[in-house]
Every structure is written in C-alpha cells, then in structure tokens.
Amino acid sequence: MTKDTIAKTDLSNIAIIGSGPTALFLLKYFSENIDVLKSQIKSITIFEKEEIFGMGMPYHPVTTDIYNLANISSEEIPLLQESFGDWLRRQDAELLKKLNITNLPIDDSEVYSRVSLGHYFEEQFKLIIRFLESAGIAVIQKVNCEVSDLSKAEEEDLNLSDCNGENYSFSTVVIANGHEWKDEDKPEAGYYASPWPIHKLIPSKKDGYNFPIGTLGASLSAFDVVTSLSHRHGEFRRINNKLTFKKHDANPDFKIVLHSAEGWLPHLQYEQKEPIREIYRHFNRKQLLELIDDEGFLRIETYFDQLCRPALIEAFRKDRLTHVVDQLSEPNFSFKDLVTLMAEKHEYIDSFEGMKKEMITARNSIEHKIPIYWMETLDDLMYSLNYHAELLPAEDHLFFHTEIMSFLMNVIAALPLQSAEILLALYDADCIELKSGFVNFPEDAFSGNCTKISLDPLNGNSEEIEYKLFVNCGGEKKMELQDYPFQSLVKQGVVRAATAKCADPEMCSEKAKNSDKIELVQVDSDMEMNLSGIQIDSSYRTINTGNTTNNFLYDINFTHTNGLRPYSYGLQACSATSLILVESWLAEILEDKNVSEEIETITKLYKDVDGL
C-alpha cells in the first residue's frame with residue numbers, strides 16, 4: 001500500500017497497449033459500465049503490433065498452429081458478447097474444418113483448436129468496439145503498430161512512441177501487451193529459445209526430421225510442439241476407439257524427447273463443479289481480514305491453517321480420500337506437508353504408464369460428471385491468495401514461488417484428454433520419451449550445427465546429449481527491471497522493481513547469504529526482498545521509486561506483475577484483472593474512493609469481481 005493519497009485517474013484520453021484477451025475483457029467491462037464511463041472517456045486508442053485485433057499471441061494463426069489445442073473449454077471462459085460454444089455452433093462446416101474442428105456436435109465442455117478461439121476473440125472484439133462507438137466513444141485502432149517506448153511528460157500526460165516514429169500523448173495508459181519472448185533463437189545450432197511462432201519449427205522438407213528432437217520442459221507449451229511436429233511426421237488413426245500413431249516411412253528416426261527436471265507430466269483434465277474460479281468461494285472477506293497480523297502481514301501458514309484446511313478437509317471428504325482427511329485434521333500438518341503428500345501420490349513412477357492409468361479416472365470423472373473436489377478447491381484457494389499476495393511477507397513469497405508453484409502447475413494445471421491421447425499414441429509408437437533431470441547448457445552449447453546439453457539427473461550420473469533441434473519450452477522468464485519493455489519509464493523512476501517487506505529481517509539476511517538468487521533492498525526504513533516484475537497496487541496502478549502510485553499508468557500484463565500476482569494465468573485471470581481495474585475507476589467516480597488505499601476497500605471490490 002502507498003502512503004500518499006492519489007489524484008483521480010483522468011480517463012479522457014486512454015491508450016491500451018495490446019488487443020489480446022486481457023484488453024478484450026477490459027473493453028467488455030468498459031461497455032458494461034458505459035452509462036458511468038461515457039461521461040469520462042472521450043477516446044480510446046488501441047495499439048496492436050500484429051495485423052489482426054483481438055486474437056492475442058496464443059491464439060493467432062501467425063503464432064500458433066491448427067493442431068494446437070486451446071486447453072480451455074467454452075464453459076470455463078468468462079462470457080463475452082456470446083459464448084465460445086454458441087459462436088462455434090453458428091459457423092458453417094467448411095470454416096469449422098479449416099479450424100480443425102470435425103467432431104460434431106459442438107460440446108461446451110470440450111476443448112478446440114487455439115486458432116478457433118482466436119477467430120472467436122476477433123469477432124467479439126469487433127462487436128464490443130462497435131458498441132463503444134455507438135455510445136459516442138471514439139475508438140482509434142492502430143494495427144501493425146508496436147509501441148517502442150513510453151515516457152512521462154512534464155505534465156500529467158504520458159508520451160508514447162511507436163515503431164513508425166509516431167509520437168502521441170495520453171492522459172492514461174493501460175499496458176496489456178501479453179507474452180514477450182526476449183531470448184534469441186540460434187537456428188544455425190538448431191536451438192529455439194521459445195516455440196513461438198511455432199511455424200518456425202515445422203520442417204520445410206516433405207520428409208521432415210529424421211532424428212530425435214529435444215524440448216526443455218514437459219508443459220503445455222511442449223505439447224504444442226509435440227502436436228505440431230507429430231502431425232507432420234506421421235498419421236493418427238482411431239482404431240477400436242483408441243488413437244494410434246504411425247510414422248511416415250520417410251522419417252523412421254523421428255522422436256521427441258521431453259526434458260523435465262522432476263520427471264513429471266501434467267495431470268489430466270477433470271470434471272469441475274464450478275468451472276469459473278472465484279476469489280471468495282470458500283471463505284468471506286471478513287474471515288480473511290481477521291487473519292492480518294499487527295504488522296499488516298497475512299502469513300501463508302495462517303492462511304492455510306485457518307481458511308484452506310477446513311475447505312480442503314471437506315473437499316477430500318467428498319472425494320472419499322479419508323486418509324488425507326485424517327492427516328489434514330492433525331494441527332501440525334502443514335501446507336508443505338500437503339504439497340509433499342499429494343505430489344508423491346501424483347508423481348508417476350513411469351510417466352506415460354501412469355498417464356494411461358489416470359486416463360481411466362479422468363474419463364470417468366468427465367463422462368459421469370464426477371468432480372475431483374480437492375483439485376478444484378485448492379485451485380480456488382490459491383486463486384484467492386493470488387489477489388491478496390501483497391499482504392504476504394518476503395519469506396512467504398519465497399516459499400510460494402519455490403515450494404508451491406511447480407506443484408500447482410504440474411498437478412492442478414490440467415491437460416485436456418485429447419492432448420493426452422496424442423501423447424499416449426506417440427508413446428505406444430515409441431515416438432516420445434521423457435527424461436528427468438536438470439538441463440544445463442555448456443559454454444560450447446551452440447558452437448556447432450547442433451545444440452549440446454548436459455543433463456544432471458536427480459539420481460545418477462550426468463549425461464551429455466546433442467540435438468539437431470532443441471526447443472526451450474520452459475516458459476517466459478521472470479522479468480527483471482532491466483527487461484521491462486519501456487525503459488524510459490525505468491530511467492525516469494516512474495516504475496520500480498516489485499518488492500516484499502521482510503517479516504524477520506535476520507531470517508531474510510540469512511536466506512540471502514545462502515542464495516545468490518535472493519536480493520535484499522532498503523525501502524524507506526524497511527528491509528525488503530526483490531521479486532520479479534514491477535511494483536503495482538491492488539488496482540494495478542504502477543508505483544514509482546518514491547513509493548507513490550501513478551494514477552496515469554496501469555499494467556495488467558501478467559509477465560510484468562507476476563512477482564506480486566504469482567498465480568495469475570489463463571482467461572479467467574484476464575477477466576478478473578480487467579474487472580478489478582474498471583471497478584477501481586467506478587469507485588473513484590461514484591464513491592470518490594481510491595480502493596487501493598486500504599485493504600478493506602479493495603476486498604469489497606473483490607466481492608463484485610466474484611459476480612463476473
């Protein structure tokens with residue numbers, strides 16, 4: 001929280017950088033509150049670096065592939081002008097075929113291709129823009145126009161420069177520019193720093209790749225690589241209701257090797273009782289506020305003990321996992337104990353054979369509408385914690401990032417059953433392999449015509465491997481301040497690195513001595529730990545080096561804010577984040593309040609967000 005009361009946001013001349021799903025939901029909430037906002041907003045200028053508005057990087061045909069699945073169903077997507085399922089049902093058979101949708105009728109619980117979701121977003125974007133224009137708001141769309149820099153003017157306005165050398169001035173800027181991939185590919189060594197755009201990986205030769213291909217990571221991004229390449233190197237057929245794969249004769253040595261540090265594959269999609277996450281589903285705001293201690297901290301173990309434990313006991317009881325209920329009922333059973341227990345139960349001894357067994361349970365869950373309550377409940381609880389994470393001290397941020405996040409992304413992040421079928425078909429055809437261990441790149445990793453890696457297993461001797469094609473699917477790196485895309489703001493001190501105050505400075509100092517990844521800084525009179533990303537308040541206003549809030553600059557890019565919002569991912573978070581921002585403006589206009597000043601006011605706003 002910041003010390004100084006801020007001026008009201010001047011909404012007269014708004015710029016939005018990016019037009020993907022986060023910006024799309026932002027515009028949706030503009031439209032839904034047009035009666036209040038039309039007296040404040042005179043113009044909105046949207047900058048999009050690609051040539052199509054509304055799609056977003058993961059769903060754009062330039063970036064993704066027809067075979068890549070969206071990993072989210074219609075019933076899980078917050079409603080726009082119409083549902084994704086209804087939009088698909090309106091399309092003709094020819095377009096659906098082009099979007100790789102052949103299994104009809106359309107089912108709201110199924111997942112479909114990413115490009116189909118991109119086309120849906122594009123049309124929803126156009127509908128919302130038309131509505132805003134009909135309400136008298138000027139909407140200026142700048143296509144093929146990447147913003148090169150932002151800077152603060154002497155007055156309250158922000159100066160914006162685009163890649164064409166044009167300069168603009170805005171009263172308020174919202175940064176919603178989505179994914180950023182900064183590391184460089186080294187195609188001469190067969191190394192790609194990210195899978196995107198995925199078309200760069202598709203072989204130009206008809207006979208394809210006749211050698212093993214490596215990926216760093218066994219995440220959903222790695223499976224995009226798997227689906228794109230496997231469809232070009234063989235044929236999938238369904239025989240006796242089982243998906244099979246046969247390599248083309250031209251590439252008998254085609255194989256994909258996934259490298260995962262723990263040797264985990266993500267777990268499978270499951271039935272959900274409530275597909276849309278809510279911040280206050282399992283407790284109310286009063287219960288959470290009562291946990292804040294005299295120093296203003298919410299301790300993660302207190303949160304687990306008082307709010308998570310009762311909800312999880314009920315969830316595990318519904319799942320008939322009484323042995324876990326018994327352990328959770330023990331007062332000394334901690335959050336880390338739960339993670340360790342459930343990770344052990346969900347770690348496959350043989351990943352693909354384990355996935356085959358889990359497929360039976362997952363199918364049963366979905367086909368017979370049997371929710372897996374504990375996964376859904378834990379996801380809700382961590383989603384709620386995400387929006388209160390600025391209350392956590394530095395020590396608890398460290399615990400969450402190092403101990404909890406990998407578990408959540410491997411066990412709670414669900415792989416669609418269609419993707420699992422493809423993996424298992426490749427496994428049965430001996431065309432895919434998973435290797436556990438930490439991947440390191442030696443000094444000469446990219447010096448030849450291949451990529452060299454050193455694999456350090458958790459148990460056993462290290463191994464040197466060479467790949468003619470190796471794709472880093474480890475995801476976006478945590479953003480440091482020097483990587484922030486608008487460096488003029490950094491130099492001017494308009495934005496600063498995210499930090500969290502230490503509850504116990506001596507303990508923080510001891511941890512910093514034992515890790516070169518922990519950096520401590522002095523902020524006012526407090527010792528704080530540097531987090532990734534930039535400092536924001538509860539309404540996504542940026543915070544400057546003077547520790548005051550910028551009422552003219554908002555950042556809702558998850559990569560930029562993941563230090564203080566560590567469990568923000570997916571379209572539901574895009575929607576909630578955008579609604580929080582708009583609700584904060586409505587509070588300023590209607591109630592003359594800055595909701596970010598006090599935790600009590602921002603938590604009242606979160607109750608409105610739960611109703612999205």
Side-chain angles (χ1 to χ4, degrees), residues 1-2 4-19 21-46 78 80 128-129 131-133 135-140 150 156-158 160 170-177 279 387 390 494-495 535-544 548-557 560-561 564-565 568 573-612:
M1 301 299 164
T2 58
D4 298 355
T5 302
I6 65 169
K8 285 188 176 181
T9 304
D10 181 355
L11 301 176
S12 60
N13 183 20
I14 299 173
I16 302 173
I17 302 175
S19 74
T22 305
L24 177 59
F25 281 108
L26 181 65
L27 293 167
K28 169 200 171 179
Y29 295 121
F30 285 0
S31 69
E32 290 185 355
N33 295 281
I34 195 66
D35 290 344
V36 175
L37 293 176
K38 68 181 179 183
S39 65
Q40 306 288 321
I41 301 174
K42 305 305 178 189
S43 68
I44 302 169
T45 305
I46 306 166
L80 290 161
I128 292 171
I129 295 301
F131 177 85
L132 291 172
E133 290 176 331
I137 294 176
V139 181
I140 300 99
L150 279 173
E156 285 297 301
D157 286 357
L158 277 167
L160 183 152
F170 296 99
S171 62
T172 294
V173 173
V174 180
I175 299 169
N177 57 341
I279 297 174
Y387 289 102
E390 69 270 23
V494 177
V495 298
Q535 195 80 9
I536 53 167
D537 73 2
S538 300
S539 298
Y540 294 87
R541 293 176 175 91
T542 56
I543 295 176
N544 62 33
T548 56
T549 312
N550 302 313
N551 64 309
F552 49 81
L553 180 63
Y554 294 73
D555 198 323
I556 51 177
N557 178 320
H560 300 167
T561 62
L564 289 167
R565 291 287 180 266
S568 293
C574 291
S575 176
T577 298
S578 299
L579 182 53
I580 287 166
L581 188 156
V582 172
E583 288 282 353
S584 74
W585 289 350
L586 296 174
E588 281 187 5
I589 297 165
L590 297 175
E591 303 173 41
D592 199 29
K593 282 183 179 178
N594 167 21
V595 297
S596 297
E597 286 183 331
E598 300 292 339
I599 186 63
E600 287 81 1
T601 56
I602 191 67
T603 55
K604 283 181 182 177
L605 183 152
Y606 288 161
K607 288 182 68 178
D608 296 331
V609 173
D610 268 355
L612 60 82

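For clarity, every value in this text was computed on a predicted model and none was experimentally measured.
Between Y554 and the choices T172, V173, T542, the side chain to side chain contact (heavy atoms under 4.5 Å, CB included) rule is met once, by T172.
Expressed to the nearest 0.5 Å, how far CG of L553 lies from CG of L150 amounts to 7.0 Å. Here the CD atom belonging to E600 is positioned 13.5 Å from the CG atom belonging to L605, to the nearest 0.5 angstrom. Interatomic distance, I580 CD1 to I602 CD1, rounded to the nearest 0.5 Å: 6.5 Å. Taking CZ of F30 as the reference point, atom CD1 of I41 lies at 4.5 Å (rounded to 0.5 Å). Atoms CD1 and CG, from I44 and L132 in turn, are 5.5 Å apart once rounded to the nearest 0.5 Å.
Within the 4.5 Å cutoff, side-chain heavy atoms of I34 are placed close to those of I137. Residues E32 and V582 form no side-chain contact, since every pair of their non-hydrogen atoms from C-beta on lies 4.5 Å or further apart. Residues L37 and L586 form a side-chain contact, since some pair of their non-hydrogen atoms from C-beta on lies under 4.5 Å apart. Between N594 and T549, the closest side-chain pair of non-hydrogen atoms is not below 4.5 Å. Side-chain atoms of V595 and E583, non-hydrogen and from C-beta on, never get closer than 4.5 Å to each other.
Smallest separation of non-hydrogen atoms from L581 and S584: O-OG, 2.6 Å. Between Y387 and A576, the shortest heavy-atom contact is OH-CB, 3.6 Å. When all heavy atoms are compared, the tightest approach of A23 to G18 is CB-O, 3.3 Å. Looking at every heavy atom in both residues, I543 comes nearest to D537 through CD1-N, 3.8 Å. Considering every non-hydrogen atom in both E390 and S538, the closest pair reads OE2-OG, 2.8 Å. Across every non-hydrogen atom of D555 and I536, the tightest pair is O-CG2, 4.4 Å.
In the model, W585 has no side-chain atom that pairs as donor or acceptor with a side-chain atom of Y29 under 3.5 Å.
Residues forming a side chain to side chain contact (heavy atoms under 4.5 Å, CB included) with T45 (at least two apart in sequence, or on another chain): F47, I140, K142, F170. Residues passing the side-chain hydrogen bond (donor to acceptor under 3.5 Å, both in side chains) test with D592, sequence neighbours excluded: K8. In this structure S171 satisfies the side chain to side chain contact (heavy atoms under 4.5 Å, CB included) test together with D10, S12, N13, D157, sequence neighbours excluded.
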Original post:
Does the pair I589 and L11 meet the rule for a side chain to side chain contact (heavy atoms under 4.5 Å, CB included), with working shown?
Top reply: CA-CA 10 Å; I589 297 165; L11 301 176; 4.2 Å; yes

**OP:** Evaluate the criterion side chain to side chain contact (heavy atoms under 4.5 Å, CB included) for residue pair I175 and H560; output intermediate values, then yes/no.
**Re:** CA-CA 9 Å; I175 299 169; H560 300 167; 4.0 Å; yes

**OP:** For side chain to side chain contact (heavy atoms under 4.5 Å, CB included), just list the numbers for I129 and I46, CA-CA rounded to whole Å, side-chain angles, deciding distance to a tenth of an Å, and then say yes or no.
**Re:** CA-CA 11 Å; I129 295 301; I46 306 166; 3.9 Å; yes

**OP:** Test side chain to side chain contact (heavy atoms under 4.5 Å, CB included) on V139 and L27 and set out the steps.
**Re:** CA-CA 11 Å; V139 181; L27 293 167; over 6 Å; no

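Side-chain atoms of N550 do not come within 3.5 Å of backbone N or O of V495 as any donor-acceptor pair. Judged by distance alone, the side chain of T577 and the main-chain N or O of C574 form no donor-acceptor pair under 3.5 Å.
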